[in-house]
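Encoded as structure tokens, the structure appears first; notes follow it.
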Amino acid sequence: MKGFVFSFTPGRERSKKPRSIRKFTDITQIVRRYGSVMLFTLMFAAGMLLGSITAGDAAPQLLNDLDFLFTTNLNSRLSQPMFATFAASFASNFIFLLFVFLCGLAPWGMVAMPFAPAFKGFGTGLSAGYLFITYGFKGVGFYLLVILGGTFLFCFALIIQCVQAHYLSCKLARNIFAGSDSVQPISVFVRSYLLRSLYMLLLTAAAALVDMMLWKAFSHLFF
């Protein structure tokens with residue numbers, strides 16, 4: 001009985017801490033665990049907001065130039081064959097994924113990689129704003145039913161890839177500039193990174209497949 005009572009003593013002592021200190025500790029733990037996810041999600045959301053705001057002032061030539069990366073030229077997308085839709089979606093998303101992947105293999109990559117979700121968010125907001133301005137609520141319905149599914153799936157893959165790349169880039173920076181901080185060699189983390197990046201590549205292909213199927217199934221209902 002005495003051992004049972006003493007076994008709960010540390011918990012009782014911790015409970016005597018002021019609530020503000022416990023709350024600050026909880027927030028610190030949340031930021032430490034999910035800080036990179038929140039950072040890249042915030043960058044994507046900020047880019048999406050900026051893209052939707054600037055969609056009305058974007059020049060037609062700019063929209064045509066960005067069509068390779070984003071859906072800003074609906075007529076050309078509607079006239080292309082089904083496999084071309086898959087190829088265009090996968091190629092544009094692969095560029096973002098490759099950029100983040102390479103950033104993860106560099107000790108300075110942590111500085112550059114936030115631009116990937118920000119620019120992807122900008123293009124996502126630009127596409128949504130362009131469809132709404134050009135086609136009204138029909139464009140909104142088209143975006144929600146046809147484009148959003150594949151876009152959401154890839155954005156999820158992109159943010160996860162950013163988190164993984166940020167972790168490895170920080171690991172490389174500490175290993176090069178501050179000495180090794182782990183008993184495991186850096187090659188172990190690189191191998192794990194390569195494997196997880198392969199999963200994100202497969203998820204990107206799945207997003208392109210979803211995009212192709214939704215375009216094939218529902219695009220004719222709107223245009």
Side-chain angles (χ1 to χ4, degrees), residues 37 40-41 43-45 47-48 51-52 55 58 62-106 109 112-131 139 141-166 168-169 190 192-223:
V37 176
F40 296 120
T41 303
M43 293 297 293
F44 175 82
M48 187 172 180
S52 61
L62 175 63
L63 296 175
N64 291 331
D65 294 340
L66 292 178
D67 186 59
F68 177 73
L69 295 175
F70 315 110
T71 306
T72 53
N73 190 337
L74 195 58
N75 293 327
S76 64
R77 294 295 181 102
L78 290 172
S79 60
Q80 66 188 10
M82 184 172 64
F83 180 75
T85 301
F86 172 85
S89 177
F90 180 79
S92 61
N93 292 337
F94 179 76
I95 292 175
F96 289 94
L97 201 71
L98 179 62
F99 174 78
V100 176
F101 173 79
L102 295 177
C103 286
L105 297 176
M113 68 182 66
F115 290 100
F119 189 56
K120 179 61 179 179
F122 175 81
T124 302
L126 187 67
S127 299
Y130 158 76
L131 290 172
F142 179 84
Y143 188 87
L144 294 176
L145 188 59
V146 178
I147 300 179
L148 185 61
T151 300
F152 176 81
L153 190 60
F154 171 70
C155 290
F156 173 80
L158 180 64
I159 291 176
I160 297 301
Q161 182 68 28
C162 285
V163 172
Q164 297 173 162
H166 182 266
L168 180 60
S169 180
V190 174
S192 177
Y193 176 69
L194 294 177
L195 180 60
R196 294 177 180 179
S197 297
L198 177 60
Y199 294 152
M200 294 304 104
L201 181 62
L202 295 176
L203 192 57
T204 300
L209 183 62
V210 169
D211 200 25
M212 179 190 71
M213 295 173 62
L214 290 176
W215 274 80
K216 180 65 176 179
F218 301 113
S219 61
H220 66 279
L221 299 178
F222 297 89
F223 302 101

Shortest non-hydrogen contact between Phe154 and Asn93, atoms and distance
CZ-O, 3.2 Å
Heavy-atom nearest pair, Asp211 first then Thr85, reads O-CG2, 4.5 Å
Between Val37 and Thr41, what is the shortest heavy-atom contact and its length?
O-OG1, 2.7 Å
Closest non-hydrogen contact found for Arg196 with Gln164 is CB-OE1, 3.2 Å
Quick one: does Ser219's side chain have a donor or acceptor within less than 3.5 Å of a partner on Lys216's backbone?
no
Any donor-acceptor pair under 3.5 Å linking the side-chain atoms of Gln161 with those of Tyr199?
no
Which distance, rounded to the nearest 0.5 Å, do you find between the CE of Met48 and the SG of Cys155?
8.0 Å
Would you say the side-chain atoms of Tyr193 pair up with the backbone N or O of Phe101, donor to acceptor, closer than 3.5 Å?
yes
State the CZ-CD1 distance between Phe90 and Ile95, to the nearest 0.5 angstrom.
11.0 Å
Closest heavy-atom contact between Ser169 and Met113?
CB-CE, 4.2 Å
Can you check whether Ile147 reaches Trp215 side chain to side chain, under 4.5 Å on heavy atoms?
yes
Please give me the minimum heavy-atom distance between Ala116 and Val100, naming the atom from each residue.
CB-CG2, 3.5 Å
Give the intermediate values and the outcome of side chain to side chain contact (heavy atoms under 4.5 Å, CB included) for residues Tyr143 and Thr124.
CA-CA 10 Å; Tyr143 188 87; Thr124 302; 2.9 Å; yes
Any side-chain heavy atom of Leu203 sitting closer than 4.5 Å to one from Leu153?
yes
Nearest-0.5 Å distance, CE of residue Met200 to CG of residue Leu97:
8.5 Å
What do the steps show when you test Leu214 against Leu145 for side chain to side chain contact (heavy atoms under 4.5 Å, CB included), and what is the final call?
CA-CA 7 Å; Leu214 290 176; Leu145 188 59; 5.9 Å; no
Can you measure from CZ (Phe115) to CZ (Phe99) and round to the nearest 0.5 angstrom?
8.0 Å
Within the 4.5 Å heavy-atom criterion, are Met212 and Ser89 side-chain neighbours or not?
no
Between CG on residue Leu105 and CG on residue Leu194, distance to nearest 0.5 Å
6.5 Å
Hey, what do you get for OG (Ser197) to CG (Leu168), rounding to the nearest 0.5 Å?
8.5 Å
